[in-house]
Amino acid sequence: MDLFIKNISRLYTPRVADSEDISRPVMDISDAAIFISQGRIEAVGTEKEIASLVPEKVPVLDAQQRVALPGFVDCHAHPVFAGERSHEFHKRNAGATYLQIAKEGGGIASSAQALKNASVEALVQETLPRLNRFLLSGTTTLEAKSGYGLEWEQERKQLAAIDELNKKHPIELIPTYLVHSIPASRKNDREAFIDEVCETMLPEVARNHLAQAVDIFCEEGVFSEEESRKILLRAKQLGFDIKLHANQFGHSGGARLAAELGAVSADHLEHLNDKEIDALIENKVTCVLLPACVFFLGDLPYPPARKLIERGARVAIATDMNPGSSMTESLPLAMTIAAIYCHMTPAELLWAATFDAARALKRETSIGSLEVGKEGNVTLWDIPHLRYLSYHFGNTFLTDAVISGQVVVANGQLSDES
Ligand SMILES: [Zn+2]
């Protein structure tokens, strides 16, 4: 699609001159415009500079003096699930812990049961409104993890729903196969289950191109460091990128393992020591922080974002959208929480929700900034400047969203095709 977006009051984008530059410079252009040709950015700059480059018949989107940002990349989410778990939320608020609820058959096990009872079509229908909310919050690329199936037949169903949603909805979904926990029925033969993951499930996912990355929940009481290593080494051998849910509830060994195996990302990281931080930086692992999850669970420390940033880590933030520990589609909300509790600056938040998030999905050459040659994924916001975005929280100020040059949200409304 071709599109000329003009009359932009301010355009902000990570300035990515050098992918190893972690000083997080932000390009800020007043009276800006963007020319998208065949879905990709052909020119970006002041309107004065680029208007003459745009052929006459190209459709025009008048930004009406709004702020333009790159489409957000939500690089850690579990958006496909059945049912909801509001009762657990209130149980936790009355004093139960997340791990206690899991032990009583709630948590992942209850989502697994609900998924088992749902068809692919039902999952698709339940997820579509969520994807609309992601889009209306500014997300144009979204990671979608499996992991509520647990058993292979159910995992395959969840991956089929992700595939179907990718065809039906303008947001680009990037599927990840998540080894989330041992199914209740296999608790007594975990070794056999892990062998099945390595020898049956992962090869099936690879053969059918159902996921780009493999992720594992490396945490005490879920998968040990040793079990995670075994599964992830097999995943690497099969050509998958690897990711870990690491160091959420304690020093699980996940961060260390992410560094050792060269994972694309280590996610959560609420508990990190200096040695683990150095190892993540040295091995260029993107640290994906999930501040909305910490906020929602209420009793965990926030990850040491300042330390990570000041030492030179790649830091992304994501929603972790899921029914148990982070029931929100809003990256702007996660950014506000990160501003308050992780002490991140507006420039750091922008990088974390765009370019560094794209790195966590190995997509930084095609998305995550508004630069010539990149995908034409642009969002327009009714805000005066970038720092306002995380400041005025709880509402969406998004007015328009463009994916690959196609207008998918106009004046706050989803376009018909959406
Ligand atoms: Zn997660």
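Start at 1 with the first residue, then count along the sequence. Being a predicted model, the structure only gives us computed values, none of them experimental.
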Less than 4.0 angstrom from a charged side-chain N to a carboxylate O is my criterion; do [X] and [Y] meet it?
X: Arg234; Y: Glu199; answer: yes
X: Lys275; Y: Asp278; answer: no
X: Glu164; Y: Lys168; answer: yes
X: Arg314; Y: Glu364; answer: no
X: Glu348; Y: Arg306; answer: yes
X: Asp299; Y: Arg92; answer: no
X: Glu204; Y: Arg207; answer: yes
X: Arg229; Y: Glu226; answer: yes

Look only at the side chain of [X] and the backbone of [Y], and say whether a donor-acceptor pair between them is shorter than 3.5 Å.
X: Thr379; Y: Leu69; result: yes
X: Arg359; Y: Gly368; result: no
X: Asp28; Y: Arg10; result: no
X: Thr140; Y: Ile171; result: no
X: Glu126; Y: Leu123; result: no
X: Thr319; Y: Glu329; result: no
X: His245; Y: Cys218; result: no
X: Thr396; Y: Leu398; result: yes
X: Glu155; Y: Gly147; result: yes
X: Glu375; Y: Ile403; result: no

[X]-[Y] side chain donor-acceptor pair, cut-off 3.5 Å:
X: Gln64; Y: Asn7; value: no
X: Asn247; Y: Ser252; value: yes
X: Gln154; Y: Lys157; value: yes
X: Lys243; Y: Ser265; value: yes
X: Glu219; Y: His268; value: no

Interatomic distance, [X] atom [atom1] to [Y] atom [atom2] [nearest 0.5 angstrom]:
X: Asn132; Y: Thr127; atom1: CG; atom2: OG1; answer: 11.0 Å
X: Leu289; Y: Tyr302; atom1: CG; atom2: OH; answer: 12.0 Å
X: Ile309; Y: Ser23; atom1: CD1; atom2: OG; answer: 12.5 Å
X: His169; Y: Leu414; atom1: NE2; atom2: CG; answer: 6.5 Å
X: Phe134; Y: Met321; atom1: CZ; atom2: CE; answer: 5.5 Å
X: Asp195; Y: Thr200; atom1: CG; atom2: OG1; answer: 9.0 Å

Would you find more than 12 non-hydrogen atoms of other residues, nucleotides or ligands less than 6.0 Å from [X] atom [atom1]?
X: Asn188; atom1: CG; result: no
X: Phe393; atom1: CZ; result: no
X: Gln125; atom1: CD; result: yes
X: Gln38; atom1: CD; result: no
X: Tyr341; atom1: OH; result: no

4.5 Å side-chain heavy-atom contact, [X] and [Y]:
X: Asp400; Y: Ile5; answer: no
X: Lys374; Y: Ser366; answer: no
X: Ile34; Y: Ile36; answer: yes
X: Phe240; Y: Val264; answer: no
X: His180; Y: His78; answer: yes
X: Leu150; Y: Ile108; answer: yes
X: Lys307; Y: Ile277; answer: yes
X: Glu151; Y: Ser185; answer: yes

Only one of Ile317, Asn322, Val288 forms a side-chain contact (heavy atoms from CB on, under 4.5 Å) with His76, so which one is it?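 Option passing the side-chain contact (heavy atoms from CB on, under 4.5 Å) with His76: Val288.
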Can you name the closest pair of heavy atoms from [X] and [Y] and give their distance?
X: Arg24; Y: Val315; result: NH2-N, 3.6 Å
X: Trp381; Y: Arg66; result: O-CB, 3.3 Å
X: Pro25; Y: Trp351; result: O-NE1, 2.9 Å
X: Glu371; Y: Ser369; result: OE1-OG, 2.5 Å
X: Leu300; Y: Val294; result: O-CG1, 3.4 Å
X: Ile162; Y: Leu173; result: O-CD1, 3.7 Å

Phe89 ring center within less than 6.0 Å of Phe296 ring center: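 Yes, they do, as the ring centres are separated by less than 6.0 Å.
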Answer yes or no on whether Arg387 is positioned over the face of Tyr12, meaning its NZ or CZ is under 6.0 Å from the six-membered ring centre and within 45° of the axis.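 Because its charged atom misses either the 6.0 Å distance or the 45° angle limit, Arg387 does not stack over Tyr12.
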Checking side-chain contact (heavy atoms from CB on, under 4.5 Å) for the pair Thr354/Phe72: CA distance, chi angles, key distance, verdict? CA-CA 5 Å; Thr354 56; Phe72 291 148; 3.9 Å; yes
Using side-chain contact (heavy atoms from CB on, under 4.5 Å), reason through Ser415 and Val409 one step at a time and then give a plain yes or no. CA-CA 5 Å; Ser415 306; Val409 177; 5.6 Å; no
Could you walk me through whether Leu280 and Leu269 pass the side-chain contact (heavy atoms from CB on, under 4.5 Å) test, one step at a time? CA-CA 11 Å; Leu280 290 168; Leu269 307 177; 4.2 Å; yes
Name every donor-acceptor pair, under 3.5 Å, that has one atom in a side chain of residues 330-338 and the other anywhere in the protein, sequence neighbours excluded.
from: Ser330; atom 1: OG; to: Leu333; atom 2: N; distance (Å): 3.0
from: Thr336; atom 1: OG1; to: Pro332; atom 2: O; distance (Å): 3.3
from: Thr336; atom 1: OG1; to: Ser390; atom 2: O; distance (Å): 2.6

Show, in sequence, the C-alpha distance, side-chain angles and deciding distance for Asp320 and Lys145, and conclude whether the salt bridge (Lys or Arg N to Asp or Glu O under 4.0 Å) test is met. CA-CA 10 Å; Asp320 193 19; Lys145 295 182 195 291; over 6 Å; no
For Glu153 and Arg156, what are the C-alpha separation, side-chain angles and deciding distance, and is it a salt bridge (Lys or Arg N to Asp or Glu O under 4.0 Å)? CA-CA 5 Å; Glu153 278 308 304; Arg156 180 157 58 188; 2.7 Å; yes
